Number of protein chains: 2
Amino acid sequence: MRRREIGAALLRIADTKGLQSASMREVAAEAGVSLRLVQYYFQSKNGLLLAGLAYLGEQLSARVERHIRALGTPPTPAGMVYGTLTAILPTDEESRRITRTYAAYYTLVLAEPDLATEHGTAYPDALERFLARQIEAAGAASPADSATIAAGLLALTNGLGSSVLGGQRDGEAALAVLRYHLDRLFGAVAGGGQ
Amino acid sequence: MRRREIGAALLRIADTKGLQSASMREVAAEAGVSLRLVQYYFQSKNGLLLAGLAYLGEQLSARVERHIRALGTPPTPAGMVYGTLTAILPTDEESRRITRTYAAYYTLVLAEPDLATEHGTAYPDALERFLARQIEAAGAASPADSATIAAGLLALTNGLGSSVLGGQRDGEAALAVLRYHLDRLFGAVAGGGQ
DNA sequence: GTTTTCATGATACGACTGTATCATCAAAAG
DNA sequence: CTTTTGATGATACAGTCGTATCATGAAAAC
């Protein structure tokens with residue numbers, strides 16, 4: 001319990017003040033515990049950061065699952081693509097927080113590749129394959145093209161998310177761009193989820 | 001001259017070890033000058049970081065211009081879109097370096113918004129409008145859709161760039177995905193840039 | 001009842017950070 | 001020739017960082 005509280009404090013700081021100012025003392029203060037306690041549960045700063053990344057991944061997975069479930073059962077393949085991508089896009093406070101923190105971790109791992117070894121590409125790869133399967137099942141593309149389309153859609157969503165966080169457009173505008181492309185792919189019938 | 005050398009040293013460190021480890025002492029050592037000198041030319045750390053961002057912008061602009069010019073004169077509108085987006089995509093060492101450093105600045109500005117005030121959205125906004133105009137001129141979309149398509153293409157390119165830096169795919173694979181989408185837009189005739 | 005284990009606190013150490021101060025040297029201005 | 005100005009060096013200061021050490025209390029094991 002204590003461990004998770006501290007992890008939550010880390011994510012809170014990473015979101016508001018950035019990962020680089022999430023020192024062990026700052027995390028301890030935010031969680032209302034002593035510095036020693038942070039050291040106790042996570043042996044080193046790397047341990048703390050790694051655990052935070054794992055917690056963040058859980059939060060994103062839960063959100064995606066929740067979004068897909070909200071589309072009604074059973075969801076169509078096209079609906080699952082809709083639900084997944086719109087869950088990732090930073091449109092409300094929760095998704096903004098998750099996306100922003102992920103961005104912070106992203107550059108941290110870029111500069112310190114030994115932090116997250118293989119854990120890096122596993123998640124997005126799996127997500128991409130999942131999307132490719134749904135696109136194929138929806139009959140929206142040939143098996144040969146579905147992987148390319150899935151990669152494009154995920155990259156598009158991530159890029160749109162970056163532009164939202166950067167203040168270039170708001171969540172609604174980004175959602176409109178995403179919907180435009182999804183509608184062209186699925187033929188504008190696959191109900192706008194959420 | 002001296003000022004520019006120091007700025008180059010900053011960008012070199014930002015690329016290899018990340019922006020957060022680009023301390024003034026480290027930059028001074030990399031540039032082969034004293035710490036005092038870095039303070040002299042840029043009054044504060046913010047000044048140094050801001051100047052580095054400006055230099056980086058110059059490098060990207062120069063690269064895009066070079067890529068477009070390499071398409072032959074006069075380039076077609078479709079060719080300019082090709083040239084611009086493939087110049088941004090991290091396919092060689094120079095573009096990898098630029099993209100990686102931009103990513104570092106991106107999260108830094110996200111966490112410290114007062115660093116780059118208005119300089120933030122101006123550049124990508126202009127780029128997006130430029131692309132929209134070219135798409136419209138190429139007759140590839142209605143004026144109403146061209147803005148949406150341009151935003152999508154830029155976001156797609158940025159997202160693909162992130163996946164390349166993250167090691168999820170290499171530059172060639174990302175280029176293939178980008179070409180796939182551009183070919184669908186322009187009708188597969190607009191010669192493969194570069 | 002004693003011993004071991006888990007959980008927590010207080011504090012110290014050395015390294016690093018950005019910034020500031022004082023001094024020096026060369027060249028240009030007057 | 002003197003004075004001012006631009007460029008450079010050496011060093012100091014106060015703060016923060018991650019980590020380590022020593023100590024204490026409570027609960028569980030035996």
Side-chain angles (χ1 to χ4, degrees), chain A residues 1-56 101 104-105 107-117, chain B residues 1-56 101 104-105 107-117:
Chain A
M1 327 284 113
R2 216 67 183 245
R3 203 181 136 95
R4 207 161 206 97
E5 285 172 24
I6 297 178
L10 164 66
L11 293 185
R12 231 173 302 137
I13 293 178
D15 173 48
T16 55
K17 311 188 196 174
L19 255 190
Q20 82 287 4
S21 53
S23 67
M24 308 205 78
R25 283 171 178 84
E26 183 102 13
V27 170
E30 170 76 24
V33 301
S34 72
L35 167 62
R36 178 68 181 83
L37 213 46
V38 180
Q39 292 184 270
Y40 180 74
Y41 285 108
F42 317 88
Q43 281 68 32
S44 65
K45 174 116 193 238
N46 269 9
L48 175 62
L49 289 174
L50 228 45
L53 184 54
Y55 291 153
L56 188 62
T101 312
Y105 267 107
T107 55
L108 182 68
V109 171
L110 271 197
E112 217 81 37
D114 47 306
L115 207 166
T117 57
Chain B
M1 329 285 113
R2 215 61 180 242
R3 203 182 136 94
R4 208 162 204 96
E5 284 173 24
I6 297 177
L10 164 66
L11 293 184
R12 232 173 301 137
I13 293 178
D15 173 48
T16 54
K17 311 187 196 175
L19 254 190
Q20 80 288 4
S21 52
S23 67
M24 308 205 77
R25 282 170 178 82
E26 183 102 13
V27 170
E30 170 75 25
V33 302
S34 73
L35 166 63
R36 179 66 181 84
L37 213 45
V38 180
Q39 292 184 273
Y40 180 74
Y41 284 109
F42 316 88
Q43 282 68 30
S44 67
K45 174 118 194 235
N46 270 8
L48 175 61
L49 289 174
L50 227 46
L53 184 54
Y55 292 152
L56 189 61
T101 312
Y105 267 106
T107 56
L108 183 67
V109 171
L110 271 197
E112 218 83 35
D114 47 305
L115 208 166
T117 57

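Note that the structure is predicted; figures quoted are calculated from it, not measured. Here is how names work: the chains are called A, B, and so on, in the same order as the sequence lines, proteins then strands, and each is numbered from 1.
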task: Could you check whether B:Tyr41 gets within reach of a base, just the sugar-phosphate, or nothing at all, counting any heavy atom under 4.0 Å?
output: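 Sugar-phosphate only.
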In whole angstrom, give the distance that lies between atom [atom1] of [X] and atom [atom2] of [N].
X: A:Arg3; N: C:dT8; atom1: CZ; atom2: P; value: 13 Å
X: B:Phe42; N: D:dA7; atom1: CZ; atom2: C1'; value: 14 Å
X: A:Ile6; N: C:dA7; atom1: CD1; atom2: P; value: 12 Å
X: B:Arg2; N: D:dG6; atom1: CZ; atom2: P; value: 17 Å

- prompt: Rounded to the nearest 0.5 Å, how far does OG1 of A:Thr107 lie from CD of B:Gln20?
  reply: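 Rounded to the nearest 0.5 Å, the CD-OG1 separation comes to 7.5 Å.
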message: For the CZ atom of B:Arg4 and the OH atom of B:Tyr41, what is their distance to the nearest 0.5 Å?
response: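 So the CZ of B:Arg4 and the OH of B:Tyr41 are separated by 13.5 Å.
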message: Any carboxylate oxygen within less than 4.0 angstrom of a Lys/Arg side-chain nitrogen, looking at B:Glu112 and A:Lys17?
response: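 A:Lys17 and B:Glu112: not salt-bridged.
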- prompt: Within less than 4.0 Å of OP1 or OP2 of D:dA7, is there a side-chain N or O belonging to B:Tyr40?
  reply: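 Affirmative; the distance criterion is met.
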- prompt: For the residue pair B:Gly52 and B:Leu11, what are the closest heavy atoms and their distance?
  reply: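 B:Gly52 and B:Leu11 have their closest heavy atoms at O-CD2, 3.6 Å.
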field: Those residues that, when tested against A:Ala9, pass side-chain contact (heavy atoms from CB on, under 4.5 Å) (two or more places apart)
entry: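 Once residues adjacent in sequence are excluded, the partners of A:Ala9 under the side-chain contact (heavy atoms from CB on, under 4.5 Å) criterion are A:Arg12, A:Val27, A:Glu30, A:Ala31.
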- request: Could you encode protein contacts along nucleotides 14-28 of chain D as a string, one character per nucleotide from 5' to 3', using B for base contact, S for sugar-phosphate-only contact and - for no contact, with a heavy-atom cut-off of under 4.0 Å?
  value: ---BBBBBB------
- prompt: Between B:Tyr105 (side chain) and B:Leu49 (backbone), is there a donor-acceptor pair under 3.5 Å?
  reply: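 Indeed, once roles are kept as given, a pair shorter than 3.5 Å links the two residues.
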